[in-house]
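Heads up, the thing below is written out as structure tokens.
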Amino acid sequence: MELSKNFEPQEIEKKWYSHWMNNGYFKSVPDAREAYTIVMPPPNVTGVLHMGHCLNNTIQDILIRRARMQGKNACWVPGTDHASIATEAKVVGMLRERGITKSSLSREEFLAYAWEWKEKYGGIILEQLKKMGCSLDWDRTSFTMDPDYYKSVIEIFVKLYKDGIIYRGLRMVNWDPASKTALSDEEVIFKDVDSKLYYVTYPFADGSEGGITVATTRPETILGDVAICVNPLDERYKALVGKEVIVPVIERRIPIIADEYVTSDFGTGALKVTPAHDKNDNELGKKHNLKALNTLDAEGKFTSEELEDDLINDTIIGYTGIDRFVLRKKIVEDIDAIGQLQKTEDYKGQVGTSERTSAVIESRLSLQWFMNMKKFISLNPEIASAVAEDKIKFHPNKAKNTYAHWMDNIKDWCISRQLWWGQQIPAWYDEAGNFYVAESLEALHNSQPETRKLQLTQDEDCLDTWFSSWLWPMEVFKGISKPNNAEVNYYYPTTTLVTGQDIIFFWVARMVMAGYAFKQELPFKDVYFTGMVRDKQGRKMSKQLGNSPDLLGLIDQYGADAVRFGIMIASPAGNDILFDESALEQGRNFNNKMWNALKLVKMWEGRIVISDKLEVASNATEAINIELITYNFALEWFEAKLNEVKSEVNEMLNQFRLSEALKVIYSLIWDDFCSWYLEWVKPGFEQPIDKAVYEKTVSFFTSLMELLHPFMPFVTEEIYHLLDERNDDLCIKTGNDISVVDEQILREGALLKSIISGLRDVRNKNQIKPKEKITVHIDTAEVDIYKSIESILAKQINSEQISFVKEAVAGTITTVIGKDKFYIETEQPLNIAGQKEDLEKELLHLNGFLATVEKKLGNEKFVANAKPEVLALEQKKKADAEEKIKIIEESLKGL
RNA sequence: GGGAGCAUAGCUCAGCUGGUUUAGAGCAUCUGCCUUACAAGCAGAGGGUCCGCGGUUCGAACCCGUGUGCUCCCACCA
């Protein structure tokens with residue numbers, strides 16, 4: 001079969017993915033084997049695959065494929081999250097394009113559109129994961145609004161309500177005016193903004209001269225002011241406390257009060273108090289018994305509904321319906337016009353924005369559902385201790401602190417959202433305003449028959465998305481809807497969770513809570529936190545910057561394996577990765593390298609000769625024996641190298657050091673296998689190859705593919721099948737065991753490599769043409785070792801003859817490698833000065849080195865305190881250095 | 001404002017228990033090669049004040065202190 005010049009991934013990827021699927025390799029059912037379970041962090045149904053998903057899912061696939069090849073029952077569960085805010089926003093946007101407003105639709109009509117949208121677009125991201133080679137058990141695909149899942153969420157809500165953990169209350173919440181819903185604290189992102197500090201004077205109500213000046217960043221809330229507050233110790237204002245001032249524009253009389261909360265050295269030391277629009281002001285308001293006057297509606301526009309009628313004047317009526325930011329400018333102008341604006345200063349502040357819509361958050365007084373987190377955690381103390389005590393291990397470990405800190409400072413969780421897309425809150429209101437919580441209306445009627453007579457309407461709101469996703473690891477196995485079923489008992493707790501650090505609070509912490517609270521068990525044993533994928537310059541990837549590459553385009557261009565390689569090779573555990581397309585090129589080149597190695601091996605296929613064993617025959621000629629010894633050396637060396645790397649890789653993967661493991665495999669394949677081993681055993685042009693060498697080579701190559709497969713599944717599966725006739729697939733191959741490493745042969749291999757490199761360097765420096773053959777005379781104490789590597793050495797440095805000598809050979813290039821002297825015969829003119837310079841440079845280095853060692857050994861305290869093995873090592877270093885120095889000095893004399 | 005982390009070659013990073021040949025890898029760079037698997041390649045080379053300063057130690061990239069510069073998390077001083 002003719003193999004293409006380069007590896008061509010497209011067809012091969014399609015072929016193998018469907019082959020794996022057709023054979024059901026990714027399916028998992030409980031059996032006697034140990035389970036290895038990963039639940040995929042469910043992407044939003046609105047999502048398209050981006051670099052973050054690519055990193056995250058590549059890591060999961062590596063772990064799951066490795067587990068599968070270790071003979072474990074590997075189960076990786078895919079799915080999507082209904083993502084209430086994000087999806088509802090998309091659907092509203094889609095409807096707007098069709099000229100439909102959400103408000104013109106009933107809840108049922110809107111949800112019909114939403115489901116339609118979900119069916120159409122919701123699966124795209126999962127299809128894209130197939131292109132990456134992700135070995136997910138697709139039969140288990142779940143959705144956080146599947147009927148059973150939905151019911152489970154409701155059930156948990158009712159349970160927590162009955163336990164007194166969920167409550168309803170009027171609180172200051174984070175209000176997103178764009179999506180007109182409350183948000184949890186975690187959904188608010190603070191951003192630095194350049195704003196202004198406006199100094200506004202409130203004149204005294206008694207008509208006396210002057211007034212009190214406050215500094216505010218939010219003049220648009222002035223109409224809701226109910227007091228001015230100063231620090232009780234502030235000498236400037238002490239006398240004014242208790243006086244009344246008049247709010248500009250609205251002309252309301254408000255008192256000056258005192259509270260330690262106010263810092264005297266900020267602004268003017270006087271604070272305007274607006275309990276309806278600021279969390280702190282609200283607290284202050286409660287403490288001092290002040291009214292909260294709301295002046296902004298759900299969309300952040302001015303409303304005068306709560307203002308006293310007799311204060312409403314034409315100016316205020318003119319403000320009606322004006323957006324808060326426009327209103328800010330307008331009010332400032334109006335205050336300036338009446339001479340009460342003292343000055344304006346630039347000010348750097350922070351504003352909270354919505355994680356989903358980026359709208360600036362309003363603090364707003366609102367009736368919402370909350371979860372009492374302190375109480376919840378106190379009932380399930382393992383939530384905090386499991387992570388602290390490493391029952392759940394975080395990688396990197398530092399995430400533990402973040403988790404602990406959040407737990408210690410946890411606040412109540414606002415779980416209601418003013419949205420329709422999501423699990424509707426199972427609470428019903430009667431006409432008197434009482435509410436009843438139950439799984440369903442029917443359940444309510446059954447448990448409280450008297451409610452049958454009431455006119456009940458269900459709460460319009462739905463639950464925070466994370467109130468459903470926290471059940472993910474158990475409910476994908478129906479752990480809530482069908483408690484203790486065989487599947488959940490087998491797969492839960494799951495093994496490893498791979499996710500971004502950014503959702504440690506949103507999701508990871510809450511899954512731990514749910515695990516202990518609802519199943520009395522941890523949800524996973526290890527959590528691998530990935531960093532963020534940034535661009536080459538370290539910037540976050542974002543649509544605005546346009547620096548987010550098109551992942552599918554990259555897969556088309558480089559192949560999925562190359563993309564997986566590229567994202568993994570520069571991906572230190574838990575740190576951000578700087579994505580650079582050149583890493584993908586490296587991956588593509590790596591594919592080609594392996595492909596070309598395959599081509600070489602396949603070329604040998606037709607010219608295999610049999611020599612039964614690679615053993616030195618007593619009756620064979622010396623030349624043949626040397627050849628055999630050489631083959632033996634190469635085979636044994638690579639065998640040892642392979643085993644060494646296998647065990648390193650194993651250790652690294654156990655520690656989640658995936659990037660390092662990949663680097664080690666890359667180097668094993670490219671350097672040790674291709675550059676060294678294959679060159680060593682490669683027969684001359686159109687020469688035969690020994691059967692045993694051929695078979696060993698195929699077996700090595702196979703092992704390499706096995707080792708690499710979790711990282712680069714397609715190319716390895718393809719090569720696996722092209723190497724030999726197979727009736728199995730690499731994807732599910734198990735038993736790539738590690739044998740004992742022969743350390744001695746590894747040392748000899750290292751020596752051989754250093755001599756080859758050293759002599760090639762001599763050739764380069766002396767401008768010996770690649771085609772020119774040289775003759776090498778070696779002065780060494782270890783002729784035996786050289787005998788076993790002689791023919792490899794000769795071939796690798798293009799030498800026609802190697803001989804062993806005991807003294808300098810005249811008219812040759814002299815060099816020293818290790819403790820051996822080499823004399824090279826060449827047709828090129830000798831560059832004595834150059835050789836001298838090199839030797840002297842080496843001598844200088846060795847002398848410097850020797851000096852440091854001698855200094856150590858000359859230090860009595862070192863000799864007295866250092867461990868014996870350290871001392872012995874230093875002595876060996878000294879002896880070695882001295883020996884080498886002697887050899888170089890001798891060589892220098894000979895020049 | 002509080003906390004965590006980072007700083008090693010041009011770039012991205014290893015360096016795990018302080019001692020393992022006066023610091024390692026990949027990429028990039030330079031030199032020479034179209035050598036019959038591979039120029040998306042081969043061979044070789046150069047490149048470092050381990051952020052500054054101070055300390056502990058027989059010995060420090062590693063431990064401690066301090067300064068500087070970055071990054072992240074938490075916290076609504078209007």
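Owing to the predicted nature of the structure, the values given are computational and were not obtained by experimental measurement.
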* Identify the two heavy atoms, one from A/F711 and one from A/L658, that lie closest to each other, and give their separation to 0.1 Å. => CE2-O, 3.6 Å
* Which nucleotide, B/G44, B/C58, B/C13, lies nearest any side-chain atom of A/N764? -> B/G44
* Asked: Separation of A/N401 atom CG from B/G3 atom P, in whole Å?
  -> 13 Å
* Backbone of A/G587 reached by a side-chain donor or acceptor of A/R564 within 3.5 Å -> no
* Where A/K602 and A/L723 come nearest, the two heavy atoms and their spacing -> NZ-O, 3.6 Å
* With both distances under 3.5 Å as the test, what is the Watson-Crick or G-U wobble partner of B/G24? -> B/C13
* Asked: What does A/L844 touch in the nucleic acid at a heavy-atom separation under 4.0 angstrom: a base, only the sugar-phosphate, or nothing?
  -> base
* Name the nucleic acid region contacted by A/D761, choosing base, sugar-phosphate or nothing; use a 4.0 angstrom heavy-atom cut-off, strictly under. => sugar-phosphate
* Structure fact -> Ranking B/C58, B/A37, B/C77 by distance to the side chain of A/K599, first place goes to B/A37
* Structure fact -> Paired to B/U56 by Watson-Crick or G-U wobble criteria (both distances under 3.5 Å) is none
* Strand partner of B/A7, provided both Watson-Crick or wobble distances fall under 3.5 Å -> B/U68
* To do: Just compare B/C58, B/A37, B/C77 and give me whichever is closest to any side-chain atom of A/K861.
  => B/C58
* So what's B/C62 paired with, Watson-Crick or G-U wobble, going by both distances under 3.5 Å? -> none
* Asked: Taking atom P of B/U36 as reference, at what distance in whole Å does atom CG of A/N596 sit?
  -> 14 Å
* Asked: What interatomic distance, in whole Å, is found between C1' of B/C63 and the corresponding atom of B/C50?
  -> 16 Å
* Asked: Within less than 4.0 Å of OP1 or OP2 of B/C42, is there a side-chain N or O belonging to A/K593?
  -> yes
* Structure fact -> From CG of A/D672 across to C1' of B/G26 the rounded distance in Å is 15 Å
* Among B/A78, B/A37, B/C16, find the nucleotide with the atom closest to the side chain of A/Y347. => B/A78
* Distance between P atoms of B/G41 and B/G54 (Å, rounded) -> 47 Å
* **Touch class at under 4.0 angstrom, heavy-atom based, for A/T852 against every strand present** => base
* Quick one: is B/G19 close enough that its OP1 or OP2 comes under 4.0 Å of any side-chain N or O from A/K867? -> no
* Asked: How would you label the contact of A/G352 with the nucleic acid (heavy atoms, under 4.0 Å): base, sugar-phosphate, or nothing?
  -> nothing
* **Touch class at under 4.0 angstrom, heavy-atom based, for A/L271 against every strand present** => base
* Hey, would you say the A/F700 and A/F673 ring centroids sit under 6.0 Å apart? -> no
* Out of B/A37, B/U22, B/A14, which nucleotide sits closest to the side chain of A/E660? -> B/A14
* What nucleotide, of B/A37, B/A78, B/U22, holds the atom closest to the side chain of A/E679? -> B/A37
* Structure fact -> A/N280 atom CG is separated from B/C77 atom P, nearest whole Å, by 6 Å
* Considering all heavy atoms of both residues, which atom of A/L653 and which atom of A/A661 are nearest to each other, and what is their separation? -> CD2-CB, 3.8 Å
* To do: Choose from B/A78, B/U21, B/G15 the nucleotide whose nearest atom is closest to any side-chain atom of A/K876.
  => B/U21
* So, does the side chain of A/Q796 form a donor-acceptor pair with the base of B/A43 at under 3.5 Å? -> no
* Mind checking who B/C38 pairs with, Watson-Crick or G-U wobble, both distances under 3.5 Å? -> none
* B/G44 OP1/OP2 closer than 4.0 Å to side-chain N/O of A/R760 -> yes
* To do: Examine B/G41: is either OP1 or OP2 under 4.0 Å from a nitrogen or oxygen in the side chain of A/N589? Give yes or no.
  => yes
* Return the minimal non-hydrogen interatomic distance between A/S757 and A/W676, and the atom names on each side. => OG-CH2, 3.9 Å
* To do: By nearest nucleotide on RNA chain B, pick out whichever of A/G267 and A/D185 is the more 5' one.
  => A/D185
* Asked: Between B/C38, B/G41, B/C73, which nucleotide has the shortest distance from any of its atoms to the side chain of A/W670?
  -> B/G41
* **Separation between the C1' atoms of B/U22 and B/G59, rounded to whole Å** => 13 Å
* Structure fact -> Taken to the nearest whole Å, CZ/A/F590 to C1'/B/C42 is 17 Å
* Asked: Does A/H405 have a side-chain nitrogen or oxygen under 4.0 Å from the phosphate oxygens OP1 or OP2 of B/A4?
  -> no
* Asked: Using atom P of each nucleotide, how far apart are B/C51 and B/A14 to the nearest Å?
  -> 14 Å
* Rounding to the closest angstrom, what is the interatomic distance between B/C70 and B/G47 at atom P? -> 31 Å
* Structure fact -> Side-chain contact check for A/K5: nearest option of B/A39, B/C58, B/U12 is B/A39
* Could you check how far CD1 of A/I228 sits from C1' of B/A78, rounded to whole Å? => 11 Å
* **Interatomic distance where CD1 belongs to A/I410 and P belongs to B/C74 [whole Å]** => 13 Å
* OP1 or OP2 of B/G44 less than 4.0 angstrom from a side-chain nitrogen or oxygen of A/S757, does that happen here? -> yes
* Closest to side chain of A/L578, choosing from B/U12, B/C74, B/U21 -> B/U12
* To do: Could you pick out which residue, A/M652 or A/I361, lies toward the 5' side of RNA chain B when each is mapped onto its nearest nucleotide?
  => A/M652
* **Nucleotide paired to B/U49 in any strand shown, Watson-Crick or G-U, under 3.5 Å** => none
* Have a look at A/K663 and say if it touches a base, only the backbone sugar-phosphate, or nothing, with a 4.0 Å heavy-atom cut-off. => sugar-phosphate
* Taking only side-chain nitrogens and oxygens of A/Y666, does any of them come within less than 4.0 Å of OP1 or OP2 of B/C27? -> yes
* Asked: Counting only Watson-Crick or G-U wobble pairs whose two distances fall under 3.5 Å, which nucleotide matches B/G18?
  -> none
* Polar pair under 3.5 Å, donor/acceptor by atom type, side chain A/N592, base B/A40 -> yes
* Asked: Below 4.0 angstrom, N of the basic side chain to O of the carboxylate: do A/E660 and A/K663 qualify?
  -> no
* **Touch class at under 4.0 angstrom, heavy-atom based, for A/F505 against every strand present** => sugar-phosphate
* Asked: How close or far is atom P of B/A37 from atom CG of A/L678, stated in whole angstroms?
  -> 11 Å
* Asked: Do you know the tightest heavy-atom contact between A/Y694 and A/V601?
  -> CE1-O, 3.5 Å
* Asked: Where is the tightest heavy-atom contact between A/Y347 and A/L197, given as atom of each residue plus distance?
  -> CB-N, 4.0 Å
* Check for a donor-acceptor pair, side chain of A/K536 on one end and backbone N or O of A/E581 on the other, with a separation under 3.5 Å. => no
* **B/C13 phosphate, OP1 or OP2, under 4.0 Å from A/R657 side-chain N/O** => no
* **Interatomic distance at C1', B/C74 relative to B/U66, whole Å** => 26 Å
* Please measure how far the P atom in B/A75 lies from the corresponding atom in B/C62, and state the result in whole Å. => 35 Å
* To do: State whether A/T402 places a side-chain N or O below 4.0 Å from either non-bridging phosphate oxygen (OP1 or OP2) of B/G3.
  => no
* If you measure from the P atom in B/G52 to the same atom in B/U8, how many Å do you get, rounded? -> 10 Å
* Asked: Which nucleotide, in any strand shown, forms a Watson-Crick or G-U wobble pair with B/G44, with both distances under 3.5 Å?
  -> B/C30
